[in-house]
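As structure tokens, the structure follows; a few thoughts come after it.
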Amino acid sequence: MHRGILFDLDGTLWDTSKQVVTAWNRALKKCPDIDYGITEEEMRGFMGMKAEEIAPLFFRDVSKDRAIELLRLCLAEEVRELSTRGGTLYPHLEETLQVLSRSYGLAVVSNCQPKYLQAFFDYHKLGGYFTDWECAGRTGLSKGENIRLVQSRNNMERIVFVGDTQGDCDAAEFAGVPFIHAAYGFGEISGDGYTRVSYLNELPLILNHLNDKR
């Protein structure tokens, strides 16, 4: 039986809010027709959302077409920033991936754009730990649908999804897979019926415990 662990990206594997804020504000300064700026607190509120959801929320004083255009400029600038400087990895990430990859197939499922995810793999040299990845920017699907897609094409019969937000929890429920809350990330989760970790390096022990119960 092929076991898998699927990870959300932002708030679960890395935190790019500082780097992305720098990139967005740099991009927005090049647009003389607007007077926008964004803070880290605001950016954290958008982490995990699809691009088409962010545009009307942040650029609410311009037309829909202009909002999309501005967002594309910001997304292109953030990819340049992350490809050059990387993000902030959560503690113990690589050592945890090393341990988990010996027993599980690992994959990333995110609502980001493909180049953003590629920047994570390339700058931090972590792509070798993952057998697959998927993102809303490539498929246009919801996170729950992308979880199912990755599970199906990798023949994963037993998987868990690790994420930090209520949206991640809802996506796991939609896909019918157990959820592990990365409580060190950006979001709070309501309800119960899920497992939580305070640090990434708790995952191997938690997963061993869950497997013993199955």
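Quick note: numbers below take in every heavy atom, side chains included, and nothing from hydrogens, waters or symmetry partners.
Annotation: ring pair (Phe, Tyr, Trp, His ring centres under 6.0 Å) contacts of Phe130 (sequence neighbours excluded): Phe121.
Residues Met47 and Ser17 meet the side-chain proximity criterion, which asks for heavy atoms closer than 4.5 Å. Between Arg44 and Asp15 there is a side-chain heavy-atom pair separated by less than 4.5 Å. By the 4.5 Å heavy-atom criterion applied to side chains, Val21 and Thr39 are not counted as neighbours. Contact of the Leu89 side chain with the Trp14 side chain is registered, since non-hydrogen atoms from C-beta on lie closer than 4.5 Å. Proximity of Met156 to Thr131: side-chain heavy atoms (C-beta onward) are separated by under 4.5 Å at one or more points. With contacts defined as side-chain heavy-atom distances shorter than 4.5 Å, the pair Ile5/Ile180 does not qualify. With contacts defined as side-chain heavy-atom distances shorter than 4.5 Å, the pair Cys74/Phe59 qualifies. Side-chain contact between Arg148 and Phe174: present, with at least one pair of heavy atoms (C-beta onward) separated by less than 4.5 Å.
When the shell of 6.0 Å around CD of Gln98 is examined, it contains more than 12 heavy atoms from other residues, nucleotides or ligands. In this structure, Asp33 places its CG atom where more than 12 heavy-atom neighbours from other residues, nucleotides or ligands lie under 6.0 Å away. Atom CZ of Arg85 is surrounded by 12 or fewer heavy atoms from other residues, nucleotides or ligands within 6.0 Å. At most 12 non-hydrogen atoms from other residues, nucleotides or ligands lie less than 6.0 angstrom from CD of Glu173.
The distance from atom SG of Cys169 to atom CZ of Phe179, rounded to the nearest 0.5 Å, is 5.0 Å. Here Lys143 contributes atom NZ and Leu6 contributes atom CG; the two are 11.0 Å apart, rounded to the nearest 0.5 Å. If you take CG on Leu9 and CG on Asp168, they are separated by 10.5 Å, rounding to the nearest 0.5 Å. Summarising the geometry, atom CD belonging to Glu78 is positioned 10.0 Å from atom OG belonging to Ser83; distances are rounded to the nearest 0.5 Å. Between the CZ atom in Phe120 and the CG atom in Leu13 there is a gap of 4.5 Å [rounded to 0.5 Å]. The CG atom of Leu203 sits 5.5 Å away from the CZ atom of Phe7 when rounded to the nearest 0.5 Å.
Taking the six-membered ring where the residue is Trp, the centroids of Trp133 and Tyr116 are separated by 6.0 Å or more.
The two residues Leu73 and Ala27 make their nearest non-hydrogen contact at O-CB, 4.0 Å. Shortest non-hydrogen contact noted between Glu81 and Ala23 is CB-CB, 3.9 Å. The shortest heavy-atom contact between Lys30 and Pro32 is O-CD, 3.3 Å. Taking every heavy atom of both residues into account, Ala51 and Gln113 meet most closely at CB-NE2, 3.7 Å. The two atoms that bring Glu157 and Gln151 nearest to each other are O-NE2, 4.1 Å, heavy atoms only. Closest non-hydrogen pair, Phe186 versus Asp10, comes out as CE1-C, 3.9 Å.
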Trace of the side chain to side chain contact (heavy atoms under 4.5 Å, CB included) decision for Thr88 with Lys18: CA-CA 9 Å; Thr88 303; Lys18 181 178 181 179; 5.9 Å; no
Apply side chain to side chain contact (heavy atoms under 4.5 Å, CB included) to the pair Asn154 and Ile159, showing each step before the final yes or no. CA-CA 11 Å; Asn154 290 278; Ile159 69 170; over 6 Å; no
With side chain to side chain contact (heavy atoms under 4.5 Å, CB included) as the test, would you mind laying out the steps for Tyr36 and Trp24 before giving the verdict? CA-CA 10 Å; Tyr36 278 92; Trp24 277 43; over 6 Å; no
Using the salt bridge (charged side-chain N to carboxylate O under 4.0 Å, His left out) rule, take Arg80 and Glu77 through it: C-alpha gap first, then chi angles, then the decisive distance, then the call. CA-CA 5 Å; Arg80 282 190 285 271; Glu77 192 64 37; 2.8 Å; yes
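Applying the ring-ring contact (aromatic ring centres under 6.0 Å, His included) test to every pair with at least one member in residues 78-108, sequence neighbours left out, gives these pairs: Tyr90-Tyr184. Residue pairs meeting the ring-ring contact (aromatic ring centres under 6.0 Å, His included) criterion with at least one partner in residues 148-170, sequence neighbours excluded, are absent.
For the side chain to side chain contact (heavy atoms under 4.5 Å, CB included) criterion with Cys112, the lone passing option out of Leu117, Thr16, Asp8, Leu75 is Leu117. When each of His124, Gln19, Lys115, Gln118 is paired with Leu82, the side chain to side chain contact (heavy atoms under 4.5 Å, CB included) condition holds for Gln19 and for no other.
Using a 4.5 Å cut-off between side-chain heavy atoms of Ile, Leu, Val, Met, Phe, Trp and Tyr, with links allowed through other members, Leu200 and Val197 fall into the same hydrophobic cluster. With hydrophobic clusters built from ILVMFWY side chains whose heavy atoms lie under 4.5 angstrom apart, Met49 does not share a cluster with Leu141. Phe58 and Ile68 sit in two unconnected hydrophobic clusters of ILVMFWY residues. Membership requires side-chain heavy atoms under 4.5 Å apart, directly or through other members. Tracing side-chain contacts under 4.5 Å through hydrophobic residues (I, L, V, M, F, W, Y), one never reaches Val20 starting from Tyr123; they form parts of separate clusters. Linking Ile, Leu, Val, Met, Phe, Trp and Tyr residues whenever their side-chain heavy atoms come within less than 4.5 Å leaves Val99 and Leu207 in two separate clusters.
At distances below 3.5 Å, at least one donor-acceptor pair connects side-chain atoms of His181 with backbone N or O atoms of Gly187. Under a 3.5 Å cut-off, the side chain of Ser103 and the backbone N or O of Leu100 do not form any donor-acceptor pair. A donor-acceptor distance shorter than 3.5 angstrom exists from the side chain of Gln166 to the backbone of Ser190, with no hydrogens or angles considered. Without hydrogens or angle criteria, Asn111 side chain to Ser142 main chain gives no donor-acceptor distance under 3.5 Å. Judged by distance alone, the side chain of Arg60 and the main-chain N or O of Leu57 form a donor-acceptor pair under 3.5 Å.
Classification of Arg72 and Glu69 as a salt-bridged pair fails, no side-chain N sitting under 4.0 Å from a carboxylate O.
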